[in-house]
Amino acid sequence: MRRLAARLPSLGDAGIAAGFLAIMLVELTFDFGARGPRSGGVAMAVVMAVALAFRRRWPVSSYMVGTAALAAQALLFFIGTLYPYANLAHLYSVGAFATRRRAVAGLLIGFCGIAAYFSVTDFGFPPLPVVVAAIWFLAWAAGFGVARSREAAEAEQQEQARQSAAAERSRIAREIHDLVGHSINVMVVQAGAGRRILDSDAERARDALIAIEETG
């Protein structure tokens with residue numbers, strides 16, 4: 001059960017995905033320019049929402065799925081004006097939760113998705129695609145900046161923890177050094193005392209040897 005729960009999206013991500021799904025379905029309901037069956041548009045909306053729910057766990061892979069669904073919808077079913085916003089939020093997640101290299105790959109995928117989307121729309125005059133691409137880039141850059149800030153904060157915390165551990169090791173080493181040095185001094189004193197009284201007072205010499213043994 002724990003493994004299954006770990007693979008499921010968080011409640012927050014599931015809520016975001018459900019919200020975008022509701023928006024997309026509402027638009028589909030009141031859009032009368034559909035070229036294909038509405039069931040196809042519903043299916044693409046569901047695919048995009050499910051992919052968005054896993055934006056933290058598999059940011060680039062889920063974004064690829066969502067982008068493919070958006071392009072398929074525009075090509076086969078209808079051109080939604082709200083559907084791309086789910087893709088925009090997803091691209092932010094790519095920048096925020098993917099590794100550096102995969103985040104850059106996700107940005108390239110995003111530009112390919114924009115090109116595919118505008119290739120089948122009637123809004124393909126030059127200014128709009130450029131503006132959309134700029135907005136998508138800013139969303140990705142915002143997520144990428146958040147990720148890098150988070151990495152810097154984590155690195156600082158790790159460095160502080162390392163320094164604290166090193167200071168604690170040094171403190172323990174000093175205490176052990178002091179304890180061992182004191183114990184050796186006691187043993188030397190006891191040994192010297194036992195040696196001086198070994199012939200004259202065997203009982204006290206025995207006590208000195210016992211004290212050395214206990215100190216050791």
Side-chain angles (χ1 to χ4, degrees), residues 1 3-99 101-124 128-129 131-144 146-147:
M1 291 298 293
R3 288 185 178 181
L4 178 60
R7 292 181 179 273
L8 294 176
S10 66
L11 292 178
D13 290 339
I16 291 174
F20 274 107
L21 177 61
I23 291 173
M24 290 185 287
L25 293 181
V26 168
E27 181 184 16
L28 179 61
T29 301
F30 293 98
D31 189 286
F32 299 101
R35 298 190 301 273
R38 292 188 181 275
S39 59
V42 172
M44 294 301 101
V46 171
V47 170
M48 291 179 64
V50 172
L52 187 60
F54 290 92
R55 64 192 183 96
R56 295 177 190 267
R57 187 170 300 281
W58 301 299
V60 176
S61 298
S62 61
Y63 181 66
M64 291 175 63
V65 172
T67 301
L70 176 63
Q73 159 154 332
L75 178 64
L76 301 175
F77 303 107
F78 88 108
I79 301 169
T81 57
L82 298 180
Y83 279 61
Y85 288 102
N87 189 265
L88 178 65
H90 210 157
L91 185 58
Y92 167 86
S93 302
V94 170
F97 302 116
T99 62
R101 183 175 298 179
R102 291 179 65 84
V104 173
L107 177 63
L108 298 178
I109 294 170
F111 286 149
C112 292
I114 293 173
Y117 179 80
F118 278 103
S119 68
V120 295
T121 66
D122 297 329
F123 309 105
L128 185 57
V131 171
V132 172
I135 294 174
W136 257 241
F137 174 78
L138 290 177
W140 174 88
F144 193 79
V146 168

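Hydrogens, waters and symmetry mates play no part in the numbers below; they use all other heavy atoms, side chains included.
- The minimum heavy-atom distance between Ile109 and Val60, with the atom names listed, is CD1-CG1, 4.1 Å.
- The distance from atom CG of Leu88 to atom OH of Tyr85, rounded to the nearest 0.5 Å, is 8.0 Å.
- In this structure, the side chain of Glu27 engages the main chain of Leu82 through a donor-acceptor pair within 3.5 Å.
- The side-chain hydrogen bond (donor to acceptor under 3.5 Å, both in side chains) check on Tyr83 picks up nothing, with sequence neighbours excluded.
- Summarising the geometry, atom CZ belonging to Phe137 is positioned 9.5 Å from atom CZ belonging to Phe144; distances are rounded to the nearest 0.5 Å.
- Atom CZ of Phe111 sits in a crowded spot, with more than 12 heavy atoms from other residues, nucleotides or ligands closer than 6.0 Å.
- Nearest heavy-atom pair across Leu52 and Ala17 is CD2-CA, 4.2 Å.
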Stepwise side-chain contact (heavy atoms from CB on, under 4.5 Å) check, Arg102 with Ser61: CA-CA 10 Å; Arg102 291 179 65 84; Ser61 298; 3.7 Å; yes

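- No donor-acceptor pair closer than 3.5 Å links the side chain of Trp58 to the backbone N or O of Ala51.
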Carefully, step by step, assess Phe20 and Met48 under the rule side-chain contact (heavy atoms from CB on, under 4.5 Å). CA-CA 9 Å; Phe20 274 107; Met48 291 179 64; over 6 Å; no

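- In this structure, Met44 and Ala72 approach most closely via the heavy-atom pair SD-CB, 3.9 Å.
- With values rounded to the nearest 0.5 angstrom, Leu138 atom CG is found 10.5 Å from Leu91 atom CG.
- The side-chain hydrogen bond (donor to acceptor under 3.5 Å, both in side chains) search around Arg56 returns Asp13, not counting sequence neighbours.
- Looking only at side-chain heavy atoms (C-beta outward), Val94 and Leu107 stay at 4.5 Å or farther from each other.
- Of all heavy-atom pairs spanning Tyr92 and Val146, the tightest one is OH-CG2, 3.7 Å.
- In this structure, Ser93 and Pro59 approach most closely via the heavy-atom pair O-CB, 4.1 Å.
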Criterion side-chain contact (heavy atoms from CB on, under 4.5 Å) on Val47 and Val65, from CA distance to verdict: CA-CA 8 Å; Val47 170; Val65 172; 3.6 Å; yes

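- A distance of 9.0 Å separates CG in Leu70 from CE in Met24, rounded to the nearest 0.5 Å.
- Gln73 approaches Gly41 most closely through the heavy-atom pair OE1-O, 3.6 Å.
- Under the ring pair (Phe, Tyr, Trp, His ring centres under 6.0 Å) criterion, Tyr63 pairs with His90, sequence neighbours left out.
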